[in-house]
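Working notes for the structure below.
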There are 2 protein chains.
Amino acid sequence: MNVSAVPELAPPLRLLLGPGPSMVHPRVLRAMSTPLLGHLDPRFLEIMNEVQAQLRAVFRTENPFTIAVSGTGSAGMEAALVNLIEPGDAAIVVAAGVFGNRMAEIVGRCGGRLVKLDVPWGQVCELGRIEEALRKEGKVKVVAVVHAETSTGAQQPMEGLGKLCHAHGALLVVDTVTSLGGVPVEVDAWEADAVYSGTQKCLSCPPGLAPLTLSPRALDAVKARKTKVQSWYLDAGMVADYWAEGKRVYHHTAPISMVYALRESLRLVLEEGLEARFARHRRHSAALMAGVAALGCSPQAQEGHRLPSLNCVRAPAGVDEGAVRKALLNEHDIEIGGGLGPLAGQVWRIGLMGESSRQENVLAVLAALEQALAKQGKAPKPGASLAAALESYARS
Amino acid sequence: MNVSAVPELAPPLRLLLGPGPSMVHPRVLRAMSTPLLGHLDPRFLEIMNEVQAQLRAVFRTENPFTIAVSGTGSAGMEAALVNLIEPGDAAIVVAAGVFGNRMAEIVGRCGGRLVKLDVPWGQVCELGRIEEALRKEGKVKVVAVVHAETSTGAQQPMEGLGKLCHAHGALLVVDTVTSLGGVPVEVDAWEADAVYSGTQKCLSCPPGLAPLTLSPRALDAVKARKTKVQSWYLDAGMVADYWAEGKRVYHHTAPISMVYALRESLRLVLEEGLEARFARHRRHSAALMAGVAALGCSPQAQEGHRLPSLNCVRAPAGVDEGAVRKALLNEHDIEIGGGLGPLAGQVWRIGLMGESSRQENVLAVLAALEQALAKQGKAPKPGASLAAALESYARS
């Protein structure tokens, strides 16, 4: 490649309805392009305070340790686990999809003793099963669950889980990458100890930061470690000293522009209001699901436990789902996701997250799906899916 | 804090002449605010190819594994070390400042056997000393040096070091955070095996990515590991499968907007040309150093080994250096850096990196320093430092 000939950046304009990133509001793009402050500038430190307060509101927590990790969602996952798990510590991980399995993988890399509760993809884990594992294992350091499994569209119920973990002396780690800002996340009410997310899903901010909150109980566990955290970059004690008001010890350079973007995206979330935002996510998801049902798609996730932010549906029998996604991208500039792991080639993952969760997007993707299916000779009654979506809107 | 009252983002406009971030060109800010593609969009994968080619040109390497790690410079450091060092591996680390010491700290967290060569801050390490350590230690996995020590302004000579390491069966890891794009970095000519940098220094891109290149020899070492890399997020094998053309296996979501920004900043670097850019950095550094000498400042770094990108000078005797920095920030909106560790309270670190390396900035900071010193009764002859800078420019 002749590197001097790399042209001006001119990507196509896509409608992002996949598993993330979601659409970003122009206000967020504009804030992100603000000329930079230094990462130790007193004004930047105020901005960090503001972002911490905003994140506490969105996480619904009073945890002083509530920050944005300098990496994408997976860095948040790694930060939560490497800080809490020391070699030999037992960790129960609910694995009901890609992200539960990723947690299990990281537990292994921490030298933890992994107790993996495998759950069929699309299902959720019953509290009783976790309780049984806690009883059986004796001393358990961490129970880790994915609240919103991006690979299956299932939403793990959280009621009673924190209390159960604490009754057994375990800490509760929760992945809210695809729920925070779109589906109720109640860190304090759940009594969760380490909760992380990503910015590019229901917060509608570009990827690059991972919101993370640790309870005082989790911080005590970090302080009581016998060994150093294996990651210097993600060491919660050191990162806390940078984020803590009054300390601000230099650790590493914060991704300043991303912090600007996150701040603006959180302003938008809080201006809309969390409850209104959750209702919006439910309304558009219901319309989409009504529409895709009319196209012959059935939901992958267990009934009663479906994420409104990430709609995972099985492609109609006999349809080449990859060709449909390609047609959506190339002919309509619409991105939706395919299946991962055992679901590859079988499902579509349609994200209606944050700014992407809008009526015009629901109609656009349904129309495009109908046209792509028609090309494969699988067209349903023309307009039936849009009609079903509109009926859903009329009821809501 | 009332989070609903977080106001519009309106930071003061600073002239960034500290140890980073440096000034960002408007073209980079504009590219960064481009609406996003998905991280698996075919067009985004082309953009990744372009950035890889640009990075190879700037690193002066043919290494296929040349990527941008999804984190700031310290994540690049951690990525280089955690992938190469397994528990029990010996690592020789030259520690001549904060960043050499950070490498040593990370080696410890990898379970490596650390052989630390302490060097007085501001000095560089002689090749003979590293050779002696290699002879003495026998089997050494890694020799790690900081090319441009941001905490002291010293530039480590690299000639012969790669050959020496390889003759002893060791891999060479080099930190070029404060040199890449401002000072010659010659990955292939140095025979360096793992070289990382940050974006917010001489590349003049916002912080958030860490360029990293691994030689085929380093990749062989990664493949020959007996244990898994302790970081899942920074696992080079898995990250490589995402960046490799034709593979593109999903690992984690790339920070898309930051990749846009880096691509544009590298376009600017390559449009200017590396040699012209290095000459520019030398020219403005020489003028600045002439100017601060006239203010009574002496360089911290060893003569003949001073970084043009990061000018570390001792504050004149009896001056409250912190008050001077505060005056620069509050009265002139100019950020410069203070000293870290043993140099705290003693030095200023004036960065002239990338877009910050300009004549008007040299004059601005000299004038502001003169005025701040005058307030402390330490004013030199009015205008003498600017005159010295102009004389330097006249000679160059």
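Chain letters run A, B, ... following the sequence lines, proteins first, then strands; residues in each count from 1. Side chains included, hydrogens not; waters and symmetry mates left out as well; all remaining heavy atoms used.
- Heavy-atom pairs under 4.5 Å with chain A were tallied for B/Ser22, B/Gly208, B/Ser33; the largest tally goes to B/Ser33.
- For chain B, no part of A/Ala261 is nearby; none of its heavy atoms comes within less than 4.5 Å.
- Between chain B and the residues A/Glu335, A/Arg267, A/Gln200, the most heavy-atom pairs under 4.5 angstrom are made by A/Arg267.
- For a residue to count as touching a neighbouring chain, one of its non-hydrogen atoms must lie under 4.5 Å from one of that chain's; by this rule B/Ala75 touches chain A with backbone and side chain alike.
- Heavy-atom distances place the side chain of B/Leu329, and not its backbone, under 4.5 Å from chain A.
- Chosen from A/Val24, A/Val229, A/Ile106, the residue pairing most often with chain B at heavy-atom distances under 4.5 Å is A/Val229.
- For residues 23-40 of chain B, the salt bridge (charged side-chain N to carboxylate O under 4.0 Å, His left out) pairs, not counting sequence neighbours, are B/Arg27-B/Glu264, B/Arg27-B/Glu271.
- Heavy atoms closer than 4.5 Å to chain B are found in both the backbone and the side chain of A/Asn49.
- Residues A/Asp235 and B/Arg109 share a closest heavy-atom pair of OD2-NH1, 2.7 Å.
- A donor atom on one side chain and an acceptor atom on the other are found under 3.5 Å apart for A/Thr72 and B/Tyr233.
- With respect to chain B, the highest number of heavy-atom pairs below 4.5 Å among A/Gly111, A/Gly71, A/Ala10, A/Pro21 belongs to A/Pro21.
- Scanning both residues, A/Pro7 and B/Arg263, for their nearest heavy atoms gives O-NH2, 2.8 Å.
- For a residue to count as touching a neighbouring chain, one of its non-hydrogen atoms must lie under 4.5 Å from one of that chain's; by this rule A/Pro19 does not touch chain B.
- Of the listed residues A/Gly337, A/Pro255, A/Pro207, A/Gly38, the one with more heavy-atom pairs under 4.5 angstrom with chain B than any other is A/Pro207.
- Within the 4.5 angstrom heavy-atom criterion, atoms from both the backbone and the side chain of A/Met32 approach chain B.
- Interface remark: B/Leu266 contributes no atoms to any contact with chain A (heavy atom separation under 4.5 Å).
- With a 4.5 angstrom heavy-atom cutoff, A/Leu270 touches chain B only via side-chain atoms.
- Looking at A/Glu105, only its side chain comes within 4.5 Å of chain B, counting heavy atoms on both sides.
- Closest heavy-atom contact between A/Ser74 and B/His252: OG-CB, 3.7 Å.
- Put simply, of B/Asp41, B/Leu40, B/Ile47, B/Ile256, the one with the most heavy-atom pairs under 4.5 Å next to chain A is B/Asp41.
- Residue A/Glu331 qualifies as enclosed at atom CD: its count of foreign heavy atoms under 6.0 Å is above 12.
- Proximity to chain A involves both the backbone and the side chain of B/Gln230, based on heavy atoms less than 4.5 angstrom apart.
- Looking at A/Leu13, only its side chain comes within 4.5 Å of chain B, counting heavy atoms on both sides.
- Proximity to chain B involves both the backbone and the side chain of A/Ala53, based on heavy atoms less than 4.5 angstrom apart.
- Per-residue counts of heavy-atom pairs under 4.5 Å with chain A were compared for B/Gln52, B/Met77, B/His251, B/Glu46; the largest is that of B/His251.
- Both the backbone and the side chain of A/Val6 come within contact range of chain B, with heavy atoms under 4.5 Å apart.
- Neither the backbone nor the side chain of A/Val69 comes within contact range of chain B, judged by heavy atoms closer than 4.5 Å.
- There is no contact between A/Leu209 and chain B, counting heavy-atom distances below 4.5 Å.
- Taking all atoms of both residues into account, the shortest heavy-atom contact from A/Leu37 to B/Pro11 is CD1-CB, 3.6 Å.
- Within residues 97-104 of chain A, the residues having any heavy atom under 4.5 Å from a heavy atom of chain B are, by residue number, A/Phe99, A/Arg102.
- For B/Val82, no part lies near chain A; criterion is any non-hydrogen pair under 4.5 Å.
- Residue pairs meeting the salt bridge (charged side-chain N to carboxylate O under 4.0 Å, His left out) criterion with at least one partner in residues 70-79 of chain B, sequence neighbours excluded, do not occur; the list is empty.
- Contact annotation for A/Pro26: neither backbone nor side-chain heavy atoms come within less than 4.5 Å of a heavy atom of chain B.
- For A/Asn330, the side chain to side chain donor-acceptor pair (under 3.5 Å) test picks out no residue, with sequence neighbours left out.
- The OG atom of A/Ser231 sits 14.0 Å away from atom CH2 of B/Trp232, with the distance rounded to the nearest 0.5 Å.
- Ranked by non-hydrogen atom pairs under 4.5 Å with chain A, the options B/His39, B/Glu50, B/Arg56 are led by B/Glu50.
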B/Thr34 vs A/Leu29, side chain to side chain contact (heavy atoms under 4.5 Å, CB included): CA-CA, chis, key distance, verdict: CA-CA 7 Å; B/Thr34 303; A/Leu29 296 175; over 6 Å; no
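- Interface remark: A/Leu16 contributes side-chain atoms only to the contact with chain B (heavy atom separation under 4.5 Å).
- Your options are A/Arg43, A/Met258, A/Lys228, and the one with the most heavy-atom pairs under 4.5 Å with chain B is A/Lys228.
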